[in-house]
There are 2 protein chains.
Amino acid sequence: MPASRARTPRNTLSSELIVQTALDLMEAKGTDAFSLRGLAAELGVGPMALYTYFRNKDDLYDAVRDHLMALVPAVPQELAWPDQVRSVCRGMRALMLQHPCLAQLLGSRPLSGHETARVAEGLLGVLRSAGLDAETAARTHTTLFTYVLGATSWEIQMAAERRDPDSWRRLRTTMESLSSHQYPTVVELAAELARTTGGDEQFDYGLDLLLAGLEVRRPS
Amino acid sequence: MPASRARTPRNTLSSELIVQTALDLMEAKGTDAFSLRGLAAELGVGPMALYTYFRNKDDLYDAVRDHLMALVPAVPQELAWPDQVRSVCRGMRALMLQHPCLAQLLGSRPLSGHETARVAEGLLGVLRSAGLDAETAARTHTTLFTYVLGATSWEIQMAAERRDPDSWRRLRTTMESLSSHQYPTVVELAAELARTTGGDEQFDYGLDLLLAGLEVRRPS
DNA sequence: CGGTGTACTATACACCGTACGTTATAGCTT
DNA sequence: AAGCTATAACGTACGGTGTATAGTACACCG
């Protein structure tokens with residue numbers, strides 16, 4: 001007899017273990033390939049066991065996102081405020097690059113979780129102590145946040161594309177099919193665009209643009 | 001007899017018809033709920049009929065995205081360059097708001113398609129004629145593009161969340177559970193953040209920040 | 001020792017994308 | 001007009017998904 005598979009002992013599972021394992025799996029196999037069944041298998045458990053800890057898959061996604069947001073470092077207190085802003089934004093970007101699934105989770109899940117609030121608190125505090133009024137601080141926070149999210153998600157996306165030979169080749173041939181008569185500037189700058197896509201320099205360039213604009217507008 | 005369902009006539013389908021119907025469906029039922037089977041049913045056709053025109057679902061997504069990018073308006077020639085930039089970015093945002101699936105497609109599919117190149121050509125041309133060198137133009141283009149994408153995706157996301165009563169209530173209770181001792185600034189600015197999330201003003205604020213920064217750095 | 005709550009399991013359903021092989025027809029050639 | 005061929009649409013099937021529902025066995029408490 002195939003030995004009616006010994007029942008797994010009683011408390012092998014916990015929210016923390018599930019979240020951690022889910023995160024590991026997403027990074028190992030890619031966020032899109034992640035499935036509850038795969039996660040359950042990895043944990044040596046039936047798929048439905050997960051529902052004791054999470055109402056559904058999206059609920060688990062939220063938990064993973066908050067788990068990751070906890071890793072965004074605190075604002076360093078000893079810097080001037082523009083460098084504090086830089087520090088927070090770079091920290092966020094670094095974390096997204098290290099955990100690409102975070103980009104996906106931030107982009108496709110509604111906002112919630114204490115750790116997300118913690119990060120917002122840090123950045124908002126910096127902006128207020130820089131002398132911005134409530135409305136400007138809120139607007140600036142949203143601007144910075146969406147810039148970081150957009151720029152870094154795009155960077156991750158492009159990196160993934162470069163890694164996939166099929167999609168990379170498709171892009172190359174599309175580019176080469178563009179007549180320099182129709183799209184002179186794109187053709188002229190193709191190499192430049194490819195070279196400057198992603199990377200610390202590109203990210204900092206946009207960030208500095210925002211900070212420079214902010215300083216121009218700031219009440220001295 | 002149930003009449004062995006009359007075979008659909010020979011040339012009912014075409015790439016254009018499929019793309020248009022797919023787009024309609026995505027906007028009617030939501031991008032996530034879109035499926036090839038549903039699309040085929042809408043067209044009165046078996047699911048496999050679609051594979052005559054598209055290699056797979058992703059291929060269809062790419063076609064839909066390019067179809068939408070064709071609707072980004074051309075750069076108005078009579079304006080000063082900063083207003084040209086504003087015009088392109090706002091046009092892109094408007095299109096994304098009108099077709100929320102575009103945000104999703106741009107964020108999750110690799111770059112390709114002639115229409116995408118057309119849009120890039122317009123913006124790059126403006127930047128070059130503003131006097132930016134090749135590298136700066138490329139960097140600025142990427143910055144603007146990722147800002148528009150990030151800001152508008154976020155806006156769409158938040159709007160969707162507000163529409164879903166379940167998720168909206170969850171956010172409210174999370175916010176209310178934040179002690180103003182732990183997160184004083186978030187609590188203080190909660191109303192402000194909610195009020196300033198999304199909308200033309202918020203988008204233009206960030207865009208103006210970028211343009212102001214650009215002007216500071218630009219060789220006069 | 002018996003009862004109760006609950007952590008895990010089993011089964012099942014309704015879907016999904018798509019590989020593979022088949023069929024019928026539109027249009028060309030003769 | 002007859003026949004051939006290319007191909008548009010089809011049917012079937014496979015392996016996967018999330019999760020509703022009902023069941024089971026263990027830990028703990030009286």
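All heavy atoms count here, side chains included; hydrogens, waters and symmetry mates do not.
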What is the distance, rounded to the nearest whole Å, between atom [atom1] of [X] and atom [atom2] of [N]?
{"X": "A/Leu25", "N": "D/dT17", "atom1": "CG", "atom2": "P", "result": "12 Å"}
{"X": "B/Asp58", "N": "C/dC16", "atom1": "CG", "atom2": "P", "result": "16 Å"}
{"X": "A/Leu17", "N": "C/dC8", "atom1": "CG", "atom2": "C1'", "result": "14 Å"}
{"X": "B/Ile18", "N": "D/dA8", "atom1": "CD1", "atom2": "P", "result": "11 Å"}
{"X": "A/Leu39", "N": "D/dG16", "atom1": "CG", "atom2": "C1'", "result": "16 Å"}
{"X": "B/Leu13", "N": "D/dC10", "atom1": "CG", "atom2": "P", "result": "8 Å"}
{"X": "A/Tyr53", "N": "C/dA7", "atom1": "OH", "atom2": "P", "result": "6 Å"}
{"X": "B/Lys57", "N": "D/dG16", "atom1": "NZ", "atom2": "C1'", "result": "14 Å"}

Open item on the list: Checking the side chain of A/Glu161 only, and the main-chain atoms of B/Pro110 only, is there a donor and an acceptor separated by less than 3.5 Å?
Closed with: no
Ignoring the backbone of [X], work out which of [options] is nearest its side chain.
{"X": "A/Leu36", "options": "D/dA9, C/dC8, D/dG18", "result": "D/dG18"}
{"X": "A/Met48", "options": "D/dG18, C/dT11, C/dT18", "result": "C/dT11"}
{"X": "A/Val45", "options": "D/dA9, C/dT18, C/dT9", "result": "C/dT9"}
{"X": "B/Thr52", "options": "D/dA9, C/dT9, D/dT17", "result": "D/dA9"}

Open item on the list: Looking only at the side chains, is there a donor atom on one of A/Tyr205 and B/Thr142 sitting less than 3.5 Å from an acceptor on the other?
Closed with: no
Task: hbond_proxy A/Arg37 side chain to D/dG16 base (donor-acceptor, 3.5 Å cutoff) - done: no
Open item on the list: For B/Gln20, is the CD atom crowded, meaning more than 12 foreign heavy atoms sit under 6.0 Å from it?
Closed with: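 Count over threshold, so yes.
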Open item on the list: Does the structure place the NZ or CZ of B/Arg93 under 6.0 Å from the centre of the six-membered ring of B/Phe203, at an angle of no more than 45° from the ring's axis?
Closed with: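 Satisfied, under 6.0 Å and within 45°.
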Any [X] side-chain nitrogen or oxygen under 4.0 Å from OP1 or OP2 of [N]:
{"X": "A/Thr12", "N": "C/dC8", "answer": "yes"}
{"X": "A/Ser35", "N": "D/dT17", "answer": "yes"}
{"X": "A/Tyr51", "N": "C/dA7", "answer": "no"}

Task: Base paired to C/dG27 (Watson-Crick or G-U; both N/O distances under 3.5 angstrom) - done: D/dC4
Task: Minimal non-hydrogen separation, A/Ala194 against A/Arg162, with atom names - done: O-NH1, 3.9 Å
